[in-house]
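Just so you know, residue 1 is the first one in the sequence shown, and it goes up from there. The structure presented is a predicted model; accordingly, all values stated were derived computationally and were not measured.
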Amino acid sequence: MAYLESLAPFGVKRAVLTGLDGLVIEALGRGNPPAEVLAAELASLVRHMTPLAEALSGEVRRFTLATENHEILALRVGEYVLGAVIERGMNRRAVGQELTRIALRVENL
């Protein structure tokens with residue numbers, strides 16, 4: 001089942017669905033970073049932020065990483081991570097809402 005296709009109309013540069021092992025389950029888009037790199041790094045970030053989240057009596061649910069030209073929006077859904085790369089200035093809210101809709105579908109895997 002294709003989960004990430006609905007992100008294409010938003011102009012998402014790259015999107016991935018990965019497990020906490022960092023292996024790509026599904027990818028969308030082209031260019032840098034390669035899907036394999038994005039998936040591995042997002043999974044690594046979730047694993048490394050988990051102790052901090054637990055110290056705050058919670059768990060990692062979502063995070064954003066911003067550079068000069070791009071933003072990465074990421075959501076953790078159980079044992080999965082969804083991530084999307086967008087250019088700065090794009091409609092981050094709309095992409096975030098679509099990621100949330102996808103997450104609801106992924107929860108039922």
Side-chain angles (χ1 to χ4, degrees):
M1 173 178 252
Y3 292 97
L4 303 178
E5 289 177 351
S6 61
L7 289 168
F10 295 97
V12 169
K13 182 176 176 181
R14 166 77 72 196
V16 294
L17 169 61
T18 182
L20 291 178
D21 58 5
L23 297 176
V24 175
I25 296 169
E26 183 181 346
L28 173 81
R30 297 185 180 157
N32 287 320
E36 294 79 10
V37 171
L38 181 59
E41 294 298 335
L42 289 175
S44 177
L45 285 169
V46 168
R47 287 191 312 271
H48 284 87
M49 289 189 291
T50 295
L52 175 60
E54 289 173 349
L56 296 169
S57 300
E59 62 182 27
V60 176
R61 296 237 174 132
R62 68 173 59 226
F63 59 93
T64 303
L65 173 73
T67 67
E68 295 83 2
N69 299 316
H70 296 92
E71 292 187 56
I72 299 174
L73 298 109
L75 277 78
R76 180 178 179 179
V77 186
E79 297 299 311
Y80 302 98
V81 181
L82 283 163
V85 178
I86 61 173
E87 292 182 13
R88 293 286 305 258
M90 290 180 62
N91 190 343
R92 193 170 79 129
R93 182 180 182 133
V95 173
Q97 289 174 337
E98 187 58 28
L99 283 171
T100 300
R101 281 190 279 279
I102 294 167
L104 292 172
R105 293 175 37 214
V106 169
E107 276 183 325
N108 298 319
L109 277 178

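- Rounded to the nearest 0.5 angstrom, Leu104 CG and Leu99 CG are separated by 11.0 Å.
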Can you give the donor-acceptor pairs under 3.5 Å from side chains of residues 28-42 to other protein atoms, not counting sequence neighbours?
none

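- Arg88 contributes a side-chain N or O that, together with a main-chain N or O of Thr67, makes up a donor-acceptor pair within less than 3.5 Å.
- Summarising the geometry of Phe10 relative to Ala94, their closest heavy-atom pair is CE2-CB, 3.6 Å, with the distance given to 0.1 Å.
- For the atom pair CG (Leu17) and CG (Leu23), the distance works out to 11.5 Å, reported to the nearest 0.5 Å.
- Summarising the geometry of Leu82 relative to Leu4, their closest heavy-atom pair is CD2-CD2, 3.8 Å, with the distance given to 0.1 Å.
- Hydrophobic clustering places Val81 together with Val85 (ILVMFWY residues linked when any side-chain heavy atoms are closer than 4.5 Å, directly or through intermediates).
- Residues Val12 and Leu65 fall into different hydrophobic clusters, defined by Ile, Leu, Val, Met, Phe, Trp and Tyr side chains chained together at heavy-atom separations under 4.5 Å.
- Between the NE2 atom in His70 and the CD1 atom in Ile86 there is a gap of 9.5 Å [rounded to 0.5 Å].
- Nearest heavy atom pair, residue Gly78 against residue Leu20, reads O-CD1, 4.3 Å.
- The two residues Ile25 and Thr18 make their nearest non-hydrogen contact at CD1-C, 3.8 Å.
- Closest of all the heavy-atom pairs between Gly11 and Met90 is O-CE, 3.1 Å.
- Residue Glu26 comes nearest to Tyr3 through the heavy atom pair OE1-N, 2.8 Å, listed as atom of the first residue, atom of the second, then distance.
- A distance of 10.0 Å separates CD of Glu5 from CD1 of Ile102, quoted to the nearest 0.5 Å.
- The line from CD of Gln97 to CG of Leu73 is 11.5 Å long, rounded to the nearest 0.5 Å.
- A salt bridge is absent between Glu59 and Arg76; no separation between the charged side-chain nitrogens and carboxylate oxygens falls under 4.0 Å.
- Heavy-atom neighbours of Arg47 CZ from other residues, nucleotides or ligands within 6.0 Å: above the threshold of 12.
- In terms of hydrophobic clustering, with Ile, Leu, Val, Met, Phe, Trp and Tyr side chains grouped at heavy-atom distances under 4.5 Å, Leu75 and Phe63 are assigned to different clusters.
- Both Tyr80 and Val95 belong to a common hydrophobic cluster when Ile, Leu, Val, Met, Phe, Trp and Tyr are linked at side-chain heavy-atom distances under 4.5 angstrom.
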